[in-house]
Amino acid sequence: MKPIEANNPQPGVGAVGLIPTDNSAQSILQFSGAWVHGAAIAKPVEALIAEFDSAQKPRRILLQTRNLTGWDSRLPTYLIKIIDWCRREGVEVDASGLPEGVQGLLKLARAVPERTDARRSAHGVSLLADVGKSVLAGVQDAKGLVYFIGEAMLAGWALLRGKARFRPVDMLLCIQDAGPSALPIVTLISLLVGLILAFVGAVQLSMFGAQIYIADLVGLGTVREMGALMTAVIMSGRTGAAYAAQLGTMNVNSEIDALKTMGISPMEFLVLPRLSALILMMPLLALYANLMGMLGGALVTVSAFDVSWLQYYNETRRAVQLHDFTVGLGKSVLFAVLIAIAGCMRGMQCGRSASAVGDAATSAMVNSIVYIVVADSVVTLICSRFGI
Amino acid sequence: MADPHITVTDLTMAYGDFVIQHDLNFTICRGDVFIIMGGSGCGKSTLLKHLIGLQSPAKGEVFYAAQNFWEADADERVLIMRSIGVLYQSGALFSSLTLSENIALPLTEFTRLSRGEIQDIVSYKLALVGLAGFEEYYPSEISGGMQKRAGLARAMALDPEILFFDEPSAGLDPVSARLLDDLIINLRDTLGTTIVVVTHELASIFAIGNNSVFLDSETKTMLATGSPKKLLAESTDPKIIQFLTRGKGRAV
Ligand SMILES: Nc1ncnc2c1ncn2[C@@H]1O[C@H](COP(=O)(O)OP(=O)(O)OP(=O)(O)O)[C@@H](O)[C@H]1O
Ligand SMILES: [Mg+2]
């Protein structure tokens with residue numbers, strides 16, 4: 001190793017070098033220049049250690065400074081790496097040549113020995129382990145869902161027996177939030193969906209001069225499908241995600257722990273009002289969405305074609321039967337349960353950090369949309385099978 | 001006097017495979033002010049969670065009087081839980097409720113008091129912790145130390161048989177911390193409440209504690225149990241002496 005120009009460092013540069021000694025068993029490592037953030041360090045610590053590794057190991061290393069113009073955390077971090085290397089290799093370190101402040105900091109940094117089992121392994125995980133982990137997580141997830149549904153049913157049973165503990169005020173607030181407050185957006189979306197359905201139908205039906213049947217298409221489409229589906233999608237974004245975020249934040253803040261130790265079941269106190277509010281409000285919203293959708297269809301048909309309001313109204317009445325409404329409303333109750341369960345479950349299972357709350361809200365929304373669409377397909381399949 | 005209230009036998013606590021503490025054995029007697037002490041991160045809050053039923057032990061038992069907490073059925077467990085009050089490290093007030101609603105919640109759920117009586121109790125409890133007049137504030141509108149004191153008022157709402165405190169004086173000024181100590185002693189003397197406190201505050205450890213357990217994070221088990229004063233006088237373990245003398249060693 002050649003001696004380094006450690007004596008006259010340039011400004012803004014931190015230099016380090018081995019000073020040759022007569023004694024081959026001892027090396028002197030000398031630091032000079034500016035060891036501050038933003039300064040250029042002549043040699044990265046890994047390179048230095050690699051040099052040590054390749055050369056013959058000294059028995060003792062003396063650390064010293066000369067013409068050190070300034071230092072901050074940069075110097076101790078560098079030194080710690082070297083000292084740790086020496087420990088591993090069984091080389092004795094003498095830090096007495098360093099400024100007192102640096103010696104003190106080094107001592108502090110090593111005052112509490114690292115807990116060997118506390119550090120998480122950061123290096124790469126094999127693909128197989130990854131796959132295994134996600135399968136296990138999936139199983140855990142499914143278990144959690146079953147457990148949650150069971151708990152929710154017990155809470156519902158307690159409610160029916162009049163034994164559930166919750167604040168009626170909370171329930172009213174949830175109803176207000178899941179019902180009337182959602183009206184504007186439900187109005188807008190379902191009106192537009194009605195318009196779209198009418199336009200799509202008009203293109204085809206007007207070729208045969210059968211514009212009047214737009215009323216059938218829009219009526220059946222909204223009442224059986226789109227009314228319930230669109231409200232469910234809106235509510236899962238509006239309310240399901242909000243439930244997850246609310247309960248998740250309460251979890252982060254230990255509020256759920258506090259409820260448990262008070263002897264109040266969080267299922268009854270928090271989940272039940274939300275679940276029931278959504279179950280009560282969703283069918284009403286869906287019904288309202290149906291009316292809005294048909295209104296949207298009528299607007300298009302009446303304004304663009306030679307169809308009067310009365311004709312449209314009569315055609316709709318003829319086409320849409322009571323049992324169509326039943327199917328739509330039945331679906332909306334089912335969707336309400338799914339949204340509330342996905343939202344509340346993600347909230348209750350939320351971890352204890354800000355990002356966990358975000359994840360809970362996201363997965364509540366994603367889960368509920370998946371549940372909704374799957375459930376809708378199943379119900380539609382069953383209905384068409386039995387000709388309902 | 002020595003009437004065991006909580007007994008812990010062979011308790012091992014773990015998060016997954018990561019053992020926090022193992023083989024804990026100690027008894028908390030009725031009317032004790034019991035201190036859980038030890039270095040930061042050694043598992044004091046975790047031990048508290050095991051005692052109040054939020055986390056089930058990896059091994060071992062927790063007895064309330066003669067009843068095995070983790071083998072009791074759900075109803076019995078709720079009954080036990082109703083007889084305890086907990087002050088969490090973070091306060092854990094319900095953020096959507098005002099202070100008075102927070103404190104009134106257990107009262108409305110578990111007692112048949114009239115609304116007026118509940119309001120009176122709420123005001124009294126808030127006054128006890130120095131927060132008279134803050135009834136209508138939301139937790140987000142008061143300072144961290146005040147939240148802690150409000151949490152204490154809520155924990156005391158039902159006059160529980162056992163009160164658990166997780167670092168009650170952290171975030172309080174010295175005078176309020178002293179008042180809190182006085183309050184704890186007062187509760188014990190007047191209502192006979194058993195009190196379990198996690199704290200680092202040496203002054204309060206010696207002022208209020210008459211029994212304790214010392215957890216160690218290196219050996220992952222308890223090093224001693226007994227009165228803190230006695231531990232300081234008689235213990236031969238350097239870790240305990242260091243802890244109880246702020247690292248100075250025993251005074252000569
Ligand atoms: N949810 C968790 N999952 C995994 N490990 C945890 C969890 N919570 C705590 N730990 C670990 O358990 C150990 C003990 O934590 P605990 O909160 O009980 O410490 P403490 O003694 O109360 O410390 P402090 O005095 O700082 O509050 C820590 O090492 C921590 O890493
Ligand atoms: Mg703690």
Side-chain angles (χ1 to χ4, degrees), chain A residues 108 111-121 133 136-137 140 150-151 154-155 157-158 163-174 177 242-243 245-270 273-274 347 351-353 357, chain B residues 14-15 17-20 39-42 45 48-49 51-55 74-97 101-110 139-140 147 150-151 154-155 157-158 160 162-164 166 217-218 220 247:
Chain A
L108 272 182
V112 178
E114 182 177 335
R115 259 173 72 182
T116 43
D117 51 354
R119 197 178 290 265
R120 308 247 155 97
S121 62
K133 259 191 201 145
L136 285 182
Q140 204 60 41
E151 292 258 292
L154 284 181
W157 176 232
K163 282 197 161 178
R165 288 180 194 285
F166 61 90
R167 300 191 339 145
V169 181
D170 285 348
M171 173 98 137
L172 289 180
L173 283 176
C174 289
D177 191 57
Y243 286 176
Q246 287 163 4
L247 299 186
T249 315
M250 294 186 76
N251 210 355
V252 172
N253 193 20
S254 312
E255 291 176 39
I256 292 187
D257 287 351
L259 271 181
K260 281 187 198 155
T261 44
M262 258 182 213
I264 299 177
S265 151
M267 273 317 225
E268 293 172 14
F269 194 81
L270 299 172
R274 292 177 164 77
R352 296 193 170 229
S353 65
V357 175
Chain B
Y15 287 103
D17 294 336
F18 187 51
V19 173
I20 307 292
S40 186
C42 68
S45 301
L48 205 65
K49 277 188 197 157
L51 294 182
I52 60 183
L54 288 177
Q55 227 172 325
D75 289 342
E76 287 170 332
R77 213 179 286 174
V78 167
L79 273 185
I80 296 177
M81 281 188 161
R82 215 165 285 168
S83 71
I84 67 179
V86 187
L87 171 62
Y88 290 86
Q89 200 162 357
S90 60
L93 294 166
F94 302 119
S95 44
S96 57
L97 306 183
E101 286 172 327
N102 259 288
I103 299 164
L105 178 66
L107 294 166
T108 38
E109 292 300 328
F110 299 123
S140 56
Q147 286 179 9
R154 188 182 65 187
L158 286 173
I162 315 175
L163 263 171
F164 292 89
D166 199 348
S217 57
E218 274 172 50
K220 297 198 170 177

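Remember, predicted model here, so these are calculated numbers, not experimental data. Just so it is clear: chains get the letters A, B, ... in the order the sequence lines come, proteins before strands, and each one is counted from 1.
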Under 4.5 Å from a heavy atom of chain B, the part of A:Leu259 involved
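Both parts, heavy atoms under 4.5 Å.
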Going from CE on B:Met81 to CD1 on B:Ile162, what distance comes out if it is rounded to the nearest 0.5 angstrom?
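Here the interatomic distance stands at 12.0 Å.
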Do [X] and [Y] touch side chain to side chain, with heavy atoms closer than 4.5 Å?
X: A:Leu270; Y: A:Ile256; value: yes
X: B:Ile84; Y: B:Leu163; value: no
X: B:Arg82; Y: B:Val78; value: yes
X: A:Met250; Y: B:Phe94; value: yes

With chain A as the partner, which of B:Ser95, B:Gly53, B:Ala155 has the greatest number of non-hydrogen pairs under 4.5 Å?
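Between B:Ser95, B:Gly53, B:Ala155, the count favours B:Ser95.
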Option that, when pairs with chain A are counted at under 4.5 Å, heavy atom only, ranks first among B:Leu97, B:Leu79, B:Ile80:
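That would be B:Leu97.
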The criterion is side chain to side chain donor-acceptor pair (under 3.5 Å); which residues satisfy it with A:Asp257, sequence neighbours excluded?
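Partners of A:Asp257 by the side chain to side chain donor-acceptor pair (under 3.5 Å) criterion, ordered by chain and then number, come out as A:Arg352.
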Could you tell me which residues in residues 260-267 of chain A have at least one non-hydrogen atom under 4.5 Å from a non-hydrogen atom of chain B, sorted by residue number?
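Counting heavy atoms that sit under 4.5 Å from chain B, the residues of residues 260-267 of chain A involved are A:Lys260, A:Thr261, A:Met262, A:Gly263, A:Ile264.
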Is it the case that A:Arg274 places NZ or CZ above or below the six-membered ring of A:Phe166, under 6.0 angstrom from the centre and within 45 degrees of the axis?
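Geometry flag: not set, cation outside 6.0 Å or 45°.
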Between B:Leu105 and B:Arg154, is the side-chain contact (heavy atoms from CB on, under 4.5 Å) condition met? List the steps.
CA-CA 9 Å; B:Leu105 178 66; B:Arg154 188 182 65 187; over 6 Å; no
Structural part of B:Glu101 lying under 4.5 Å from a heavy atom of chain A:
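Just its side chain gets close to chain A.
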Under 4.5 Å heavy-atom distance to chain A, tell me which part of B:Tyr88 shows up: side chain, backbone, both or neither.
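Interface part for B:Tyr88: side chain.
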